Amino acid sequence: MQNPYLPYPVKIDDIVVETEDKNLKTFTFVFLNPADEERFAYRSGQFAELSVTGKGEIPIGIASSPSEKGFVKFTVNKVGLVSSYLHNMQKGDIMGIRGPLGNSYPWDVLKGKNVVIIGGGFAFTTLRSSIVYMLANRQDFGKITVIYGARTPGMLLYRDELMAWEKRDDIDMHITVDGTNDPNWKYNVGFVPTITEKKAPQADDDTYAIICGPPIMIKFTQPVLDKAGYAHDHIIMSLENRMKCGIGMCGRCNVGKDFVCKDGPVFTLAQLNTMPKEY
Amino acid sequence: MKVIRISKTEWQGGLDKARTGYGLYGPVKEGQDDHAFRPLAPGEFPDMSYKNSKMSPKELVHPQSEPMFQYNLNPADPDHDIMREIAKDATAKAVIGIRPCDADAFLLVKRNFDTPIYRDPYWVTAFESFTKIGFACNQACSATAFCTSAGSGPFHDAGLDVLLVDTGESYLAKVVTDKGQHFLDVCGFSAPAADAASQIESLQKKAESTIASSVNTDKLKDQVTTELYDAPFWEEISFACINCGTCTFSCPTCWCFDIQDETKGKQGVRMRNWDSCMYPLFTLHGSGHNPRGTKVHRVRQRFMHKLKYYVDKYQDGIQCVGCGRCIRLCPVNIDIRKVCNMMNGYTACSCAVS
Ligand SMILES: Cc1cc2nc3c(=O)[nH]c(=O)nc-3n(C[C@H](O)[C@H](O)[C@H](O)COP(=O)(O)OP(=O)(O)OC[C@H]3O[C@@H](n4cnc5c(N)ncnc54)[C@H](O)[C@@H]3O)c2cc1C
Ligand code: SF4
Ligand code: SF4
Ligand code: FES
């Protein structure tokens with residue numbers, strides 16, 4: 001019987017400090033056994049349990065894209081026991097990853113459609129995965145719009161990539177910050193809901209919005225999308241409940257009858273409307 | 001229906017024969033007024049005079065603490081930091097004298113651990129290694145039992161391999177599965193009891209008539225989840241709860257667990273330990289946010305899971321077998337029968353705005 005709790009052994013291949021407060025680092029892992037990489041075949045929007053031996057496991061969204069080969073990437077915020085220990089680990093250290101877990105964004109539905117990505121703060125990890133994936137399969141999608149905001153320019157994740165995407169004409173980028181005293185900042189200033197109101201395309205049957213961000217951002221973005229006419233089954237969100245097993249067995253991450261780890265983490269707003277608000 | 005008669009004089013001799021092929025488990029007296037399910041040492045026999053145990057026998061399959069992996073943090077070891085599986089004991093075991101409700105509970109829990117996508121190797125291996133020799137209840141174990149209205153009953157054989165019925169001078173052994181037949185063969189129990197069916201039936205009727213309490217569950221599936229969730233009674237139901245977790249730990253159909261690494265020096269194990277939805281830490285995020293931050297949330301979760309979410313998920317009854325343990329053991333007398341009937345009978349106020 002296959003053991004779904006057994007992590008694949010990996011080596012830390014690279015560590016990048018992402019933000020000016022140094023609380024977010026991106027870890028690149030390579031599998032110790034090359035065959036495990038194929039077993040780990042994933043879709044954007046899924047997550048994995050990062051297993052730090054002796055400390056425990058944490059669920060983290062997969063930030064690399066299935067179109068990127070030879071490694072997997074995760075961006076981790078320093079919060080508590082496991083994430084803080086991980087932040088002190090070094091290139092070459094051995095740990096484990098277990099997955100891929102969860103349902104992913106609905107790529108079969110999104111094929112051929114316009115996609116609006118709305119992200120805030122460090123919840124941009126699986127959105128990065130999605131953007132890289134869509135750009136690698138550009139012919140499969142209509143218009144791609146990205147609205148991404150952080151408190152300051154120094155708090156934006158993946159800055160070099162954002163700037164590179166800005167220069168492309170097949171993706172509509174709207175980067176924003178809450179505020180900055182950088183005189184050379186040439187992008188937007190303003191909160192994500194405000195920028196969404198100005199820049200998000202009008203809704204239609206062929207346009208889907210994916211939103212990830214802090215609860216407060218989601219709370220104020222949703223009325224904006226409502227006003228722009230987005231149907232609730234065209235608004236896609238990803239939940240983060242406390243997890244352990246990641247496979248629907250330990251019983252803690254449920255929202256109503258659904259397990260965020262197995263039935264989610266991705267749900268449409270239409271689905272969430274029928275569920276208790278326990279997230 | 002095949003039934004075998006086991007005279008009480010041949011009972012212990014038969015069990016002794018079984019010890020060659022099976023590890024035997026059964027109820028053993030513990031303290032003043034309790035029994036626990038334990039491995040039976042040579043010469044030790046199940047106490048067939050017991051009513052039921054305070055803690056359910058779920059720990060035979062799902063131990064309260066169980067190592068999952070072992071690891072070594074010594075960088076000199078070529079295997080360092082890599083999780084290694086710990087072999088699970090898959091040898092044949094038999095539990096003698098388990099009650100019908102507790103056996104049925106394993107089937108409800110199986111839906112969680114043995115799914116089309118993932119199988120939990122720890123639970124499934126332990127579950128499959130057991131032959132379950134059940135013991136019918138000739139009378140209600142307590143006034144709080146409501147098994148007959150919770151999908152089980154004193155003579156229920158779901159989840160069992162053999163059902164034993166005590167007739168006084170002998171046991172009637174109803175053979176439920178091939179696994180059960182094999183166990184009886186190994187014991188050398190083979191005397192057919194041709195006339196047994198009517199005797200079992202009348203004992204069953206008598207036993208069922210002693211189950212004094214019941215719940216209504218017929219309307220649960222038609223209730224709207226969010227309406228039940230917002231019902232006004234949760235505050236009152238949860239008021240006295242001290243979140244001790246006794247109800248979930250003693251319950252045969254509760255399975256939630258936590259995973260923790262335990263390191264001593266350079267060696268360690270990844271463990272799993274029972275956990276409970278009654279504890280605030282269960283759902284606490286690293287950020288401090290807690291989606292079930294209050295007692296009302298947690299008590300509601302326990303009842304909604306058992307009586308609504310499970311009902312909707314599997315469309316096959318409630319996640320409770322009516323053993324009554326949680327009612328007997330709750331220090332503040334919270335009663336699932338009362339809550340179940342409130343949930344079942346609830347009508348959302350039509351004046352409520354959505
Ligand atoms: C689907 C999903 C995707 C996520 N993606 C990311 C990501 O890309 N980057 C990122 O930085 N964070 C992400 N998180 C949050 C991250 O899991 C928590 O910050 C992390 O578990 C905190 O662990 P800790 O040991 O440092 O904190 P502690 O507070 O010490 O936590 C102890 C244990 O509790 C559990 N836990 C605590 N908080 C959470 C939480 N919010 N979610 C789930 N389990 C928790 C973990 O098992 C953890 O080991 C994600 C969470 C989920 C559910
Ligand atoms: S046993 Fe009673 S007091 Fe303890 S957690 Fe359960 S309902 Fe609350
Ligand atoms: S909820 Fe209570 S009555 Fe039902 S199976 Fe669990 S302990 Fe027994
Ligand atoms: S994390 Fe265990 S059930 Fe979802």
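Throughout, a chain's letter reflects where its sequence line sits, starting with A, and its residues are numbered from 1. Keep in mind it's a predicted model, so treat the numbers as computed, not measured.
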Chemist: Go through Ile247(A), Asn273(A), Val79(A), Val255(A) and name the one with the most non-hydrogen pairs under 4.5 angstrom from chain B.
Modeler: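 Heavy-atom pairs under 4.5 Å are most numerous for Ile247(A).
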Chemist: Please classify the contact of Asp275(B) with chain A as side chain, backbone, both or neither, using a heavy-atom distance under 4.5 Å.
Modeler: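 Side chain of Asp275(B) only, per the 4.5 Å heavy-atom cut-off to chain A.
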Chemist: Identify which part of Tyr310(B) has an atom lying under 4.5 Å from any heavy atom of chain A, answering side chain, backbone, both or neither.
Modeler: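 For Tyr310(B), there is no contact with chain A at all, as no heavy atom is under 4.5 Å.
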Chemist: What part of Glu262(B) lies closer than 4.5 angstrom to a heavy atom of chain A: side chain, backbone, both or neither?
Modeler: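 Neither part.
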Chemist: With chain A as the partner, which of Thr263(B), Leu73(B), Ile259(B) has the greatest number of non-hydrogen pairs under 4.5 Å?
Modeler: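 Between Thr263(B), Leu73(B), Ile259(B), the count favours Ile259(B).
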Chemist: Ignoring hydrogens and angles, state whether a donor on the side chain of His297(B) or Thr294(B) is under 3.5 Å from an acceptor on the partner side chain.
Modeler: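 Looking only at side-chain atoms, Thr294(B) and His297(B) do form a donor-acceptor pair, the distance falling under 3.5 Å.
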Chemist: Using a heavy-atom cutoff of under 4.5 Å, enumerate the residues of residues 225-238 of chain B that contact chain A, numbered in order, or state 'none'.
Modeler: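 So the qualifying residues are Thr225(B), Thr226(B), Tyr229(B).
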Chemist: Ring centroids only, cut at 6.0 angstrom: are Tyr42(A) and Phe40(A) within range, meaning strictly under it?
Modeler: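 Yes, close enough.
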Chemist: Looking at Gly251(A), Cys253(A), Pro7(A), Pro276(A), which makes the most heavy-atom pairs under 4.5 Å with chain B?
Modeler: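 Highest number of pairs under 4.5 Å: Pro276(A).
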Chemist: Consider ring-ring contact (aromatic ring centres under 6.0 Å, His included). Of Tyr122(B), Phe113(B), Phe249(B), which one does His62(B) pass it with?
Modeler: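 It is Phe113(B), the one option of Tyr122(B), Phe113(B), Phe249(B) that forms the ring-ring contact (aromatic ring centres under 6.0 Å, His included) with His62(B).
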Chemist: When the ring planes of His289(B) and His285(B) are compared, do they come out parallel, tilted or perpendicular, using 30° and 60° as the limits?
Modeler: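 Plane angle over 60°, so perpendicular.
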Chemist: Output the option from Arg270(B), Met83(B), Lys313(B) having the highest count of non-hydrogen pairs under 4.5 Å with chain A.
Modeler: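 Option with the greatest count: Arg270(B).
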Chemist: Given heavy-atom pairs under 4.5 angstrom as the criterion, report whether the side chain, backbone, both or neither of Ser83(A) touches chain B.
Modeler: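 No part of Ser83(A) comes within 4.5 Å of chain B.
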Chemist: Met304(B) versus chain A, heavy atoms under 4.5 Å apart: side chain, backbone, both or neither?
Modeler: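 Nothing of Met304(B), per the 4.5 Å heavy-atom cut-off to chain A.
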Chemist: Does the pair His305(B) and Asn254(A) meet the rule for a side chain to side chain donor-acceptor pair (under 3.5 Å), with working shown?
Modeler: CA-CA 9 Å; His305(B) 187 199; Asn254(A) 74 297; over 6 Å; no
Chemist: Starting from the C-alpha separation in whole Å, work towards a yes-or-no answer on side chain to side chain donor-acceptor pair (under 3.5 Å) for Ser104(A) and Arg43(A).
Modeler: CA-CA 6 Å; Ser104(A) 89; Arg43(A) 298 182 301 276; 3.0 Å; yes
Chemist: Strictly by modelled atom types, are Tyr158(A) and Thr26(A) linked by a side-chain donor-acceptor pair under 3.5 Å?
Modeler: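 There is no such pair (donor and acceptor under 3.5 Å, judged by atom type) between the side chains of Tyr158(A) and Thr26(A).
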Chemist: Is any side-chain N of the basic residue among Arg325(B) and Asp102(B) closer than 4.0 Å to the acidic one's carboxylate O?
Modeler: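 So Arg325(B) pairs with Asp102(B) through a salt bridge.
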Chemist: If you tally heavy-atom pairs under 4.5 Å against chain B, which of Pro9(A), Gly54(A), Gly56(A), Gly80(A) wins?
Modeler: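 The candidate making the most pairs under 4.5 Å is Gly54(A).
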Chemist: Tell me if a side-chain donor or acceptor on Gln70(B) pairs with a main-chain N or O of Ile86(B) at a distance below 3.5 Å.
Modeler: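 No, because the side chain of Gln70(B) does not come within donor-acceptor range (under 3.5 Å) of the backbone of Ile86(B).
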Chemist: Are Tyr5(A) and Phe69(B) close enough that their ring centers fall under 6.0 Å?
Modeler: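 Aromatic pair excluded; centres sit 6.0 Å or further apart.
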Chemist: Do Asn344(B) side-chain atoms and Leu220(B) backbone N/O form a donor-acceptor pair below 3.5 Å?
Modeler: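 Checked: pair present.
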Chemist: Quick test of your reading of the model: are Glu20(A) and Arg151(A) salt-bridged, counting only N-O distances below 4.0 Å?
Modeler: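 Not counted as a salt bridge, because no side-chain N and carboxylate O are separated by less than 4.0 Å.
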Chemist: Do Lys179(B) and Phe130(B) form a cation-pi contact, if we require the NZ or CZ to be under 6.0 Å from the six-membered ring centre and within 45 degrees of the ring's axis?
Modeler: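 So Lys179(B) doesn't make the cation-pi contact.
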Chemist: Using a cut-off of under 4.5 Å on heavy-atom pairs, state which of Glu240(A), Lys244(A), Met249(A) scores highest against chain B.
Modeler: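 Most pairs with chain B among the choices: Met249(A).
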Chemist: Arg119(B) versus chain A, heavy atoms under 4.5 Å apart: side chain, backbone, both or neither?
Modeler: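 The answer is both parts of Arg119(B).
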Chemist: Whether Lys219(B) and Asp222(B) form a salt bridge (side-chain N of Lys/Arg under 4.0 Å from carboxylate O of Asp/Glu) is what I want to check.
Modeler: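 Salt bridge between Asp222(B) and Lys219(B), a charged N being under 4.0 Å from a carboxylate O: no.
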Chemist: Can you say whether Leu32(A) sits under 4.5 Å from chain B via the side chain, the backbone, both, or neither, judging by heavy atoms?
Modeler: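 The answer is the side chain of Leu32(A).
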Chemist: Could you check which of Met243(A), Glu57(A), Met275(A), Gln2(A) has the highest count of heavy-atom pairs closer than 4.5 Å to chain B?
Modeler: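 Maximum pair count with chain B is reached by Glu57(A).
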Chemist: Heavy-atom pairs under 4.5 Å with chain A: which of Val269(B), Thr125(B), Thr283(B) has the most?
Modeler: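 The answer is Thr283(B).
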Chemist: Go through the atoms of Leu284(B) and report whether side chain, backbone, both or neither lie under 4.5 Å from a heavy atom of chain A.
Modeler: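 Answer is both: backbone and side chain atoms of Leu284(B) are under 4.5 Å from chain A.
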